[in-house]
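Structure, as structure tokens:
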Amino acid sequence: MFSPLERQWLLEEMGEGPPSRYMEVCGTHTVAIARSGLKKVLPPTVRLISGPGCPVCVTDQQDIDTAIALAHEKGVLLATFGDMARVPGTNGSLAQAKAEGADVRILYSPFEALRLANENPGREAVFLSVGFETTAPLIAAVVKEAARLERRNLSFLILHKLLPPVMKALLGDLPAMAGSDPSLPATRGRPSLDGFLMPGHVCAILGVEPFRFLGERYRLPGVVAGFEADDILLALWMLQRQRRQGRAEMEIAYRRAVREEGNRTAQHLMEEVFQPVEACWRGIGTVPHSGLALRQAYSAYDARIRFPLQVEPAPDPPGCACGEVLRGLLSPPQCPLFGRACTPQSPVGPCMVSSEGSCAASYRYERICR
Amino acid sequence: MCLAIPAKIVERDGADALVEMSGVRQRIRMDLLPAAIVGDYVLLHAGFAIALMNEEEAQETLDLLREIDVLSS
Ligand code: SF4
């Protein structure tokens with residue numbers, strides 16, 4: 001996209017801006033930033049911190065335990081996205097449940113769940129679904145299709161999360177922040193931030209309207225970014241430009257895929273199938289209207305109703321600072337377990353399991369250069 | 001998780017489409033982009049098209065940037 005000279009110019013311009021801390025709230029950005037080594041070339045005035053952008057990482061321990069309990073139910077065939085399988089619950093992961101005989105399948109597309117249910121008429125297929133607004137409309141389409149085909153042996157364990165409400169919570173609007181390990185250095189408070197690198201694909205669906213509160217209420221600028229190193233560079237330059245000009249607006253640096261209004265069809269699908277509910281986020285706590293549940297009309301497809309399991313609330317793994325990392329209060333290397341007791345080969349927390357987790361990205365790409 | 005890749009629609013068929021990306025063909029769902037037609041570039045996520053790609057608009061952003069670049073240097 002840019003020539004080396006242009007890149008140089010963008011970086012120099014950014015360097016002349018005010019000292020700034022920008023948060024990215026998308027796991028794919030976290031990985032793109034780590035992999036490209038962008039942090040090494042950024043001027044010292046621009047700092048990047050990761051937020052709650054990895055769907056697997058923000059999934060509450062109790063919800064993971066529920067999924068594992070479901071996988072062990074008689075006749076159940078549990079299907080999910082790849083990243084979920086290795087996340088440790090209180091007693092093992094879904095991958096371990098599979099090794100113990102549970103039927104756990106990894107799907108690339110949630111649409112395959114329909115086929116799976118069709119091919120296994122005597123079984124109960126359950127699709128465990130995580131993700132933000134990028135993934136929720138897909139699941140809505142699959143639920144509608146299941147209802148249209150009257151696929152009675154398919155249900156959905158919906159653990160979807162919504163970004164605008166949790167960003168509000170992070171900025172201190174809501175009394176969340178519970179369940180942290182008090183022995184860690186920074187367990188309270190809000191991260192100090194000067195703006196957001198906005199998640200490109202969430203905004204491709206939602207548009208920018210739901211995020212305008214960042215500028216209006218908090219005077220924080222946001223720029224929607226794509227996923228190439230140059231896309232991110234452009235977005236950071238635009239953030240610095242806003243700060244220099246005293247503006248706090250929503251801008252789009254990823255016009256290839258994002259329109260102001262987002263994808264209306266996807267928004268309507270989500271609206272039709274889901275309703276916002278309170279959700280529990282790892283390390284952040286309960287945030288009102290930050291999760292999704294199936295609407296009444298689709299309750300026949302709700303796995304929580306079909307399998308009323310009682311699973312105890314579970315504490316996060318001892319010593320794991322995922323909660324603080326997800327809130328941008330600590331960087332992964334500041335966790336005492338990082339790279340010692342906790343590595344991608346033997347992860348303690350979900351932030352080290354998911355390929356998009358800040359700890360995994362930091363371990364894989366940034367460890368040597370510290 | 002929200003990784004998405006661009007692909008070109010080569011065939012439309014009801015709620016489905018056949019897309020091509022760097023020589024590989026794949027059948028995808030079009031529930032979120034019902035109006036897309038053959039020849040359009042779309043962004044793929046987990047087997048669904050989620051957004052229409054628009055290279056012209058992208059070019060405009062860049063042109064704007066280059067203008068500022070020229071003006072300020
Ligand atoms: S390094 Fe491991 S233990 Fe520490 S916060 Fe990350 S995932 Fe948790």
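Every chain is numbered from 1, with letters handed out A, B, ... down the list of sequences. These values consider heavy atoms only, across backbone and side chains, with no hydrogens, waters or symmetry-generated copies.
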Between A:Ser129 and A:His160, do the side chains contain an N or O donor and an N or O acceptor separated by less than 3.5 Å?
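Looking only at side-chain atoms, A:His160 and A:Ser129 do form a donor-acceptor pair, the distance falling under 3.5 Å.
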Any A:Pro52 side-chain heavy atom under 4.5 Å of A:Val25 side chain
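They are in side-chain contact.
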Heavy-atom check, side chain of B:Met30 versus side chain of B:Asp13, under 4.5 Å
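B:Met30 does not reach B:Asp13 side chain to side chain.
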Do the side chains of [X] and [Y] get close enough for a salt bridge, i.e. N-O under 4.0 angstrom?
X: A:Glu12; Y: A:Arg7; result: no
X: A:Glu272; Y: A:Lys144; result: yes
X: A:Glu261; Y: A:Arg259; result: no

Which residue out of A:Thr265, A:Leu269, A:Leu138 racks up the most heavy-atom pairs below 4.5 Å with chain B?
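The residue among A:Thr265, A:Leu269, A:Leu138 with the greatest pair count is A:Leu138.
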Is A:Glu112 in contact with chain B via its backbone, its side chain, both, or neither, using a 4.5 Å heavy-atom distance?
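A:Glu112 has no heavy atom closer than 4.5 Å to chain B.
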Segment of A:Ile205 engaging chain B (4.5 angstrom heavy-atom cut-off):
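When you check distances to chain B, only side chain atoms of A:Ile205 fall under 4.5 Å.
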Under the disulfide bond (SG atoms under 2.5 Å apart) test, which residues partner A:Cys203, sequence neighbours left out?
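Counting only residues at least two positions away or on another chain, A:Cys203 forms no disulfide bond (SG atoms under 2.5 Å apart).
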Under 4.5 Å, heavy atom to heavy atom, which residues of residues 32-42 of chain B contact chain A?
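Against chain A, the residues of residues 32-42 of chain B that fall inside the cut-off (heavy atoms, under 4.5 Å) are B:Leu32, B:Leu33, B:Pro34.
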